[in-house]
Amino acid sequence: MSVPPVRVRFAPSPTGYLHVGGARTALFNWLFARAHGGTFVLRIEDTDAARNTAAAQAAITDGLHWLGLDWDEGPEKGGPHAPYYQSQRGAIYDAYFQKLVDAGHTYTEENGAVRFRSPRLPIVLPDKICGDIKIDRSGEPDMTIRRPDGSYIFHFVNVVDDIKMEITHVIRGEDHIYNTGKHIELFQAFGAEPPVYAHIPLILNSDASKMSKRDQGAAVGYYQENAFLPAAVVNYLCLLGWSPKDDREILTTDEILPLFHWENMGHSNAKFDMEKCRWFNAQYLAKLDAPSFDHLAISWLLRQTPALSGTDDSRLVGALPLIQPKIKGIPELAEHLPMLFDGAAPIAGDAMAKLSAQPDLSNRLNVLLTHLDAVVEWTASAIQAAVAAAAAALTIKPGALMFPLRVLTTGQTHGVDLLPALEWLGKPETMQRSTARAKLILG
RNA sequence: GACCCUUUCGUCUAACGGUUAGGACACGUCCCUUUCACGGAUGUAAUACGAGUUCGAUUCUCGUAGGGGUCGCCA
């Protein structure tokens, strides 16, 4: 007896955005298919014509493309079970509907809606994650499967398509557990074997509420817009409801595939932690090669308002390596770029306060500027030597001069690695900024 | 309310019935260092509660409580 090849599907409806929980469901289906050499099907459940727009469809396919979750059959690719849009499968549904009618499983309401007559038998759902779940629908009203206008309801089309598309495993959110009772009744009415079910726990907000469109990070588009690295997001998402069962956290999908078992799946809902997601992003950002980082940064800058000096000249490309190791997200460029490019930026309040508290300030600044002015070859190491010499002359530690130097040149208390930044800035600009701000500070 | 799922640091999670209950994010301290960081070290912090089984329970069973989900002619 041969085991049928694994076929899984992600079946979103076009709601206008791709929910991060949906993305995780897609990811788990994708991982399962890839781990078993199976087929990953994308099917668009667009039976609700009202919200079925091109933009809503694009949010799904763009998001999946961006995450790197390639499907084997579905929109853009076609396949043996095309079409993959439910809105185009009316004839199939009509035929399957007739089967139910002929078998006497249905009855029609006064207004024309058609219901499926439930066998009202207790159902046991053998779930791969939750175990055996008892579902008792005997007290429930019969489900409607067709509206008076002839369009079909989710439960019906979902099951028909899973039969037609030969889906072997259904991996979906826990919010579908109870629906599964209805679905199993339909499979049985069609004389079809239900697929293997695995219901994965949900992703919630940090306050345990359901993530909705408005919540930050609920839409995959948020990560795209903010130039997250897809691999980082995928990595983080994998760890919500799945674990390698050891201490590793940074994992490639190749490393995850052999460990993607039901046994490694979590059973309880997970709260989304944007801080940790950003930490993953920082890990991947730091490892990125310079050209890729430049491309990511520049294309993000070009999408910003003009206020953000989004040039792609060599000055900018020279500055980006200074920033790359400092940030957890590309949007933090907006914090670093001004202090590097705007020499006239005002001195930050806390910087001024901390600097004023330094003893012997006037003398220190003057000695520092004198030594800097004497630097011939303007390199980070030469600047460092000048700072060291100035410190020696003042009989203080070099470190004591770094903070004043940072304030003089950037106006800030913190920022990128200073000496390389000054090398990038150049001697004339450094001296000009320093003398101007020194005057301001010393009054 | 009914039914279903679930319960280990604030969060994500690990722990053949025997561990000083481990790791990571976040937070604190120290070290490193020319600065900001990175990094290293370290600290605060968890088995929801109550019974039972057992020599021994985070682990198995039951109950209680908390959280979530579902109860559509939405998907």
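Quick note on labels: first sequence line is chain A, next is B, and so on, each numbered from 1.
Spacing between U7(B) and U47(B) at atom C1', rounded to whole Å, works out to 10 Å. Rounded to whole Å, the C1' atom of G18(B) lies 10 Å from the corresponding atom of A57(B). The separation of G39(B) from U33(B), taken at their C1' atoms, amounts to 11 Å, rounded to a whole angstrom. Distance noted for atom C1' between A45(B) and C16(B): 28 Å (whole Å). Between C5(B) and U53(B), the two C1' atoms lie 26 Å apart (nearest whole Å). Taking the C1' atoms as reference points, U54(B) lies 10 Å from C60(B), given to the whole Å. Taking atom C1' on both A46(B) and A15(B), the two are 13 Å apart, rounded to the nearest angstrom. Straight-line distance between the C1' atoms of A65(B) and A48(B): roughly 8 Å, to the nearest whole Å.
The distance from atom NZ of K328(A) to atom C1' of C36(B) is 15 Å, rounded to the nearest whole Å. Going from atom NZ of K271(A) over to atom C1' of G67(B) covers 8 Å, rounded to whole Å. Between the C1' atom of C12(B) and the CG atom of D246(A) lies a distance of 15 Å, rounded to the nearest Å. When rounded to the nearest whole Å, the span between CG of L237(A) and P of U11(B) equals 19 Å. Distance CD1 (I323(A)) to P (U35(B)): 21 Å, rounded to an integer number of Å. Counting to the nearest Å, the P atom of U70(B) and the NE2 atom of H183(A) are 13 Å from each other. Atom CG in D247(A) sits about 7 Å away from atom P in G23(B), given to the nearest Å. G69(B) atom P lies 11 Å from atom CG of N205(A), rounded to whole Å.
Within 4.0 Å (heavy atoms only), L202(A) reaches sugar-phosphate atoms of the nucleic acid but no base atom. Residue K397(A) is classed as having no contact, given no heavy-atom separation below 4.0 Å to the nucleic acid. Using a 4.0 Å heavy-atom distance criterion, K182(A) is classed as making no nucleic acid contact. Residue-level contact check: E275(A) touches the backbone only, with heavy atoms under 4.0 Å from sugar-phosphate atoms and none from bases. In this structure, G415(A) reaches the bases: a heavy-atom distance under 4.0 Å links it to at least one base atom across the strands shown.
Seen from the ring of F28(A), R24(A) counts as a face-on cation partner, given the 6.0 Å and 45° thresholds. Remark: K354(A) qualifies as a cation-pi partner of F403(A) under the 6.0 Å distance and 45° angle criteria applied to the six-membered ring.
With a 3.5 Å ceiling on both atom-pair distances, U44(B) lacks any Watson-Crick or G-U wobble partner. Of all nucleotides present, only C62(B) satisfies the Watson-Crick or G-U wobble test against G50(B), with each distance under 3.5 Å. G10(B): Watson-Crick or G-U partner is C25(B), with both key distances under 3.5 Å. A37(B) is unpaired under the criterion used here, namely a Watson-Crick or G-U wobble arrangement in which both key atom distances are under 3.5 Å.
A ring-centre distance under 6.0 Å is not found for F260(A) and F32(A). Within the 6.0 Å centre-distance limit, the rings of Y152(A) and F97(A) are counted as a close aromatic pair.
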Report each atom pair, protein N/O against N/O of nucleotides 15-19 of chain B, whose distance is under 3.5 angstrom.
none

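Residues from residues 111-119 of chain A with heavy atoms under 4.0 angstrom of RNA chain B, sorted by number: N111(A), A113(A), R115(A).
Between R147(A) and the phosphate of C74(B), there is a side-chain N or O to OP1/OP2 separation shorter than 4.0 Å.
Of all nucleotides listed (A24(B), U6(B), G23(B)), U6(B) comes nearest to the side chain of C130(A). For K326(A), the listed nucleotide lying nearest its side chain is A37(B); candidates were U7(B), A37(B), C12(B). Considering only the side chain of W279(A), A26(B) comes nearest among C73(B), C36(B), A26(B).
Counted within 6.0 Å of CD on E377(A), heavy atoms from surrounding residues, nucleotides or ligands total 12 or fewer; the atom is thus considered open.
Of the two residues contacting RNA chain B, namely I133(A) and H155(A), the nearest-nucleotide position lying further toward the 5' end is that of I133(A). The residue among P148(A) and I135(A) whose nearest nucleotide of RNA chain B is located toward the 5' end is I135(A).
For A24(B), its base sits under 3.5 Å from the side chain of K276(A) at one donor and acceptor pair at least. Donor-acceptor pairing under 3.5 Å, judged by distance alone, is absent between the side chain of D175(A) and the base of U70(B).
Ion pairing of R433(A) with E429(A) is present here, as a side-chain N (NZ or NE/NH1/NH2) and a carboxylate O approach within less than 4.0 Å.
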